[in-house]
Amino acid sequence: MLLYYNAFNGESMQILLIHSDYLEYEITSKTKIAEEIEDSLKQGRMEDCLSVFIAVEEGDDDSVIENTIHEITEVSKSVKTKKIFLYPYAHLSKELAPPNVAIKILKDLESKLILNFEVKRSPFGYYKAFKISCKGHPLSELSRSIKSQEKGEIVSEALKAEEKIKSSWYILDTNVNLVPQEKFDFKDYDGLRKLTEYEVTHSRKVDMIPPHVEYMRNLELVDYEKGSDPGNLRWYPKGILIKRLLENSVTDSILHYGGMEVETPIMYSITHPMLSKYLNRFPARQYIVKSGNDDYFLRFAACFGQYLMKHDMIISYKDLPLRLYELTRYSFRREQRGELVGLRRLRAFTMPDMHTLAPNMEYAKREFIEQFKLSMKWMQEIGIEYEVAIRFVKSFYEENKDFVDTLMSLIKKPILVEMWDERPFYFVMKFEFNFVDSMNKASALSTVQIDIENTERFEIKYFDEDGKEKYPLMLHASISGAIERNLYALLETAFLESKKGKKPMLPTWLSPTQVRILPVGEEQLDYSLKVLDELDKAEIRADIDDRDLRLGKKIRDAEKDWIPYIIVVGDDEIKNSILNIRSREDSSQKNITINEFIKSFKELVKGKPTRPLPLPKRLSVRASFR
RNA sequence: GCCCUGGUAGCUUAGUGGUAUAGUGCCUGCUUGGUAAGCAGGAGAUCGCGGGUUCAAUCCCCGCCCAGGGCUCCA
């Protein structure tokens with residue numbers, strides 16, 4: 001099994017630090033476990049250095065390296081030296097690591113320390129004569145135990161491989177020329193410039209709480225939940241309304257496209273042979289759940305359940321393309337603590353996940369293009385601006401340039417391209433639609449990938465015309481990307497608009513309260529309730545501010561709630577059977593009849609799903625969630 | 001996960017080695033009003049959690065938790 005746990009308490013690397021006037025050594029003889037060395041390493045001397053004697057213990061792994069560097073750095077600061085002498089010294093421990101592990105850790109340590117220090121290392125596995133002179137001041141002799149990571153964590157091979165993979169960055173211009181990223185003129189492409197900077201150089205200069213985090217909490221949509229693991233949120237009624245509308249909307253579009261909706265378990269056995277192999281080809285960290293004595297991992301997408309389902313299916317070439325779809329509530333990824341932010345990066349998130357089987361690459365490409373279009377349509381429907389990134393294995397690009405032409409003819413703007421020398425994951429190509437937020441951070445929403453290895457791994461087969469069983473190709477698609485991330489993009493978009501001087505708001509079809517009725521005083525309440533009833537019958541989410549407050553106050557509260565339409569009901573309106581309506585979008589006021597309003601409103605939200613308001617309609621009896 | 005910064009009523013926040021402001025929200029009463037905040041009174045805080053130093057800790061020290069930023073990473 002390729003998975004590994006680095007963990008378990010107890011093991012630690014032992015180090016002894018001595019601030020020395022000098023340390024010198026000379027090899028006397030070789031042991032069986034000696035590393036190969038050059039002659040220059042047979043003796044050595046360093047002056048005014050921090051001598052670091054090290055014993056790598058059983059169970060130590062890479063995770064001790066950073067901690068050791070940290071310790072050495074701290075001590076070197078306090079004794080004010082930039083010279084480090086690493087000296088393997090087995091006698092510090094009774095439970096030594098295997099020699100190959102120890103050598104690797106020592107070398108890694110050396111190569112990382114060398115970035116900030118002058119470093120010498122004596123060779124591993126030799127008897128050596130050495131002389132040392134200890135400075136003798138209070139801080140000059142220190143010993144430390146460096147622990148491995150304490151908690152069990154599974155790091156997939158793909159995650160580790162990703163660190164090593166070489167990629168090149170280009171911009172595909174509108175003439176479908178591949179321009180090296182640094183040579184492209186970004187003048188008219190600010191969003192793409194930000195995406196590229198983010199992806200290539202990772203440079204950003206920001207120092208503020210992300211606007212969407214303030215919004216999500218202040219609007220009583222979503223909040224942090226201290227009682228859970230970080231990155232698992234609590235959703236209030238208004239938030240869940242928006243979430244459900246987005247979910248229903250994307251599910252509808254996928255069902256119309258031809259996805260067959262299924263539901264699969266959220267946890268799978270860690271020892272299942274097919275699954276554990278796949279875990280290692282996916283760049284994510286997992287949650288582990290115990291059931292009795294068995295370990296299960298929480299799914300990070302709908303892949304597992306759908307693969308296992310497809311494995312058992314009997315599929316003819318006539319049935320292709322075959323698309324299984326699930327809205328994963330939830331997908332779990334145990335992201336690093338420091339990566340989690342608001343709605344942008346979570347440990348539990350909702351994602352529509354569709355897997356399409358295609359008999360060959362031509363077919364797969366055709367599907368890819370259709371799903372690319374479907375994603376474009378989604379982004380357009382929720383009104384989010386995005387930048388396109390495509391990632392290829394180099395050889396795939398060389399063989400499929402025409403395919404790229406087609407994508408460009410659809411998107412008609414420059415695209416960021418990442419090209420891999422070799423294939424780090426299970427896919428040869430993917431696209432993403434990236435949203436760039438108010439802090440110039442980019443994150444992926446829609447994505448489709450062409451997978452060339454998993455049908456074989458999971459023994460997913462179809463019967464071809466010739467009656468033989470074959471492995472199809474498979475596309476992974478998340479048409480909208482994570483639903484939470486869609487809301488993040490909507491809120492950040494609202495913030496970006498507000499910076500331009502517009503009032504921040506959500507699209508009307510997603511606004512929890514779409515219309516608020518404000519009776520000027522108590523005498524208008526009965527009439528106002530009738531108006532509310534009419535709107536309710538028309539399936540418009542309306543509520544009424546029947547609290548004993550001044551009108552100005554009620555208006556202010558409605559504005560703070562980003563309500564798209566405010567209706568004020570006073571004696572004049574009642575007398576003339578007319579509604580006074582203020583629109584948030586353009587701050588205009590209109591006097592129209594209720595039927596006119598309903599008609600224009602329905603026109604505006606045509607084709608969009610709707611749900612009732614999940615809160616009391618009278619504000620006077622509505623509790624606040626925070 | 002590591003590094004940096006922060007955590008004081010529901011929310012926003014002032015402040016201090018001798019347990020603490022204010023605004024807002026909430027409750028009560030008064031008021032009745034036209035497009036972003038009427039008036040008054042009241043309740044509301046183990047100052048994130050645990051330990052240490054001290055006669056005394058919300059404040060100083062250590063550990064932890066949570067959040068934001070950086071590294072890293074992605075739906």
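Note on naming: letters A, B, ... go to the chains in the order of the sequence lines (proteins, then strands), and numbering restarts at 1 for each one.
Nearest to the side-chain atoms of Lys553(A) among the listed nucleotides A37(B), C73(B), A75(B) stands A37(B). With C11(B), A75(B), U35(B) as the candidates, the nucleotide lying closest to the side chain of Arg626(A) is C11(B). Counting only heavy atoms from C-beta on, Asn580(A) has its side chain closest to G34(B) among G69(B), G34(B), A75(B). Nearest nucleotide to the side chain of Arg345(A), out of G68(B), G10(B), C73(B): C73(B). In this structure, the nucleotide among A75(B), C26(B), G68(B) sitting nearest to the side chain of Val341(A) is G68(B). Each of A75(B), U35(B), G38(B) was ranked by its minimum atom distance to the side chain of Gln589(A); first place goes to U35(B). Closest to the Ser443(A) side chain, of the nucleotides U35(B), C74(B), G68(B), is C74(B). With A75(B), C66(B), G69(B) as the candidates, the nucleotide lying closest to the side chain of Pro230(A) is C66(B).
With both ends at atom C1', the span from G34(B) to G29(B) equals 26 Å, rounded to whole Å. Rounded to a whole angstrom, the distance from the P atom of G50(B) to that of A57(B) is 14 Å. U46(B) and U58(B) have their C1' atoms separated by 11 Å, given to the nearest Å. For U24(B) and G44(B), the C1' atoms lie 13 Å apart once the distance is rounded to whole Å. Between the P atoms of G6(B) and C60(B), the separation comes to 11 Å (whole Å). Rounded to whole Å, the C1' atom of A20(B) lies 13 Å from the corresponding atom of U13(B). Taking atom C1' on both U54(B) and U21(B), the two are 26 Å apart, rounded to the nearest angstrom. To the nearest whole angstrom, the two C1' atoms, one in U32(B) and one in C49(B), are 49 Å apart.
Put simply, the side chain of Met419(A) does not reach to within 4.5 Å of the side chain of Ser167(A), judged on heavy atoms.
Taking the centre of each ring, Tyr386(A) and Phe435(A) stay at or above the 6.0 Å mark. Taking the six-membered ring for Trp, Trp562(A) and Tyr215(A) have ring centres closer than 6.0 Å. A distance below 6.0 Å separates the ring centres of Phe372(A) and Phe431(A).
Residue Asp229(A) is classed as having no contact, given no heavy-atom separation below 4.0 Å to the nucleic acid. Among the heavy atoms of the strands, none lies under 4.0 Å from Asn486(A). At the heavy-atom level, Leu346(A) lies under 4.0 Å from base atoms of the strands shown. Across all strands shown, Leu445(A) has heavy atoms under 4.0 Å from sugar-phosphate atoms exclusively, and none from any base. Counting any heavy atom pair closer than 4.0 Å across all strands shown, Ser478(A) reaches no nucleic acid atom. Using a 4.0 Å heavy-atom criterion, one finds that Gly552(A) contacts the sugar-phosphate atoms exclusively.
Listed by first and then second residue, the salt bridge (charged side-chain N to carboxylate O under 4.0 Å, His left out) pairs involving residues 425-436 of chain A are Arg391(A)-Glu432(A), Lys430(A)-Glu432(A) (not counting sequence neighbours). Sequence neighbours left out, not one pair with a member in residues 510-532 of chain A passes ring-ring contact (aromatic ring centres under 6.0 Å, His included). Applying the salt bridge (charged side-chain N to carboxylate O under 4.0 Å, His left out) test to residues at least two apart or on different chains, the pairs with a partner in residues 227-240 of chain A are Glu225(A)-Arg234(A), Asp229(A)-Arg347(A), Lys238(A)-Asp561(A).
Here A75(B) presents its P atom at 12 Å from CZ of Phe431(A), a figure rounded to the nearest Å. Atom pair Ile209(A):CD1 and C11(B):P shows a separation of 14 Å (rounding to whole Å applied). Separating the CG atom of Asn218(A) from the P atom of G25(B) is a distance of 14 Å, rounded to the nearest angstrom. For the pair Glu585(A) CD and U35(B) C1', the computed distance is 18 Å after rounding to whole Å. Across the protein-nucleic acid pair, Glu335(A) atom CD and C73(B) atom P stand 11 Å apart, rounded to whole Å. Distance CG (Leu340(A)) to C1' (G1(B)): 11 Å, rounded to an integer number of Å. Taking atom CD1 of residue Ile479(A) and atom P of nucleotide A75(B), one finds them 14 Å apart after rounding to whole Å.
In terms of the side chain to side chain contact (heavy atoms under 4.5 Å, CB included) criterion, residue partners of Ile266(A) (sequence neighbours excluded) are, by chain and number, Leu298(A), Arg299(A), Phe332(A). Under the side chain to side chain contact (heavy atoms under 4.5 Å, CB included) criterion, Pro265(A) pairs with Tyr268(A), sequence neighbours left out. Listed by chain and residue number, Asp545(A), Asp557(A) satisfy the side-chain hydrogen bond (donor to acceptor under 3.5 Å, both in side chains) test with Arg547(A) (two or more places apart in sequence, or in another chain). The salt bridge (Lys or Arg N to Asp or Glu O under 4.0 Å) check on Lys503(A) picks up Glu559(A), with sequence neighbours excluded. Legend: residues meeting side chain to side chain contact (heavy atoms under 4.5 Å, CB included) with Thr356(A), ordered by chain and number and at least two apart, are Pro321(A), Arg323(A), Met354(A), Glu367(A), Gln371(A), Leu475(A). Residues that satisfy the side chain to side chain contact (heavy atoms under 4.5 Å, CB included) test with Ile242(A), not counting sequence neighbours, are Leu221(A), Leu246(A), Leu487(A), Leu506(A), Leu510(A), Pro512(A).
The nearest heavy atom of RNA chain B to Leu551(A) and to Gly338(A) marks one nucleotide each, and the one closer to the 5' end goes with Gly338(A). The nearest heavy atom of RNA chain B to Arg485(A) and to Arg217(A) marks one nucleotide each, and the one closer to the 5' end goes with Arg217(A).
Taking 3.5 Å as the limit, the base of G34(B) and the side chain of Glu573(A) contain a donor-acceptor pair of atoms between them. Looking at Arg285(A), its side chain has no donor and acceptor atom pair within 3.5 Å of the base of C73(B).
Distances shown here put every side-chain N or O of Lys560(A) at or beyond 4.0 Å from the OP1 or OP2 atom of G25(B). Residue Tyr224(A) places at least one side-chain N or O closer than 4.0 Å to OP1 or OP2 of G68(B). OP1 or OP2 of U35(B) has not a single side-chain nitrogen or oxygen of Lys503(A) nearer than 4.0 Å.
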What is the per-nucleotide protein-contact pattern of nucleotides 27-32 of chain B, from the 5' end, where B denotes a base atom under 4.0 Å from a protein heavy atom, S denotes such proximity for sugar-phosphate atoms only, and - denotes neither?
-> ----BB
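Checked by atom type, the side-chain pair Tyr325(A)/Gln306(A) shows no donor-acceptor distance below 3.5 Å. In the model, Glu492(A) has a side-chain atom that pairs as donor or acceptor with a side-chain atom of Ser438(A) under 3.5 Å.
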Could you go over nucleotides 43-51 of chain B and give all protein N or O partners under 3.5 Å, atom names and distances?
none

Output field dot_bracket for RNA chain B (Watson-Crick or G-U, both distances under 3.5 Å, | for other-strand pairs) contains (((((((..(((.....[...))).(((((.......))))).....(((((..]....))))))))))))....
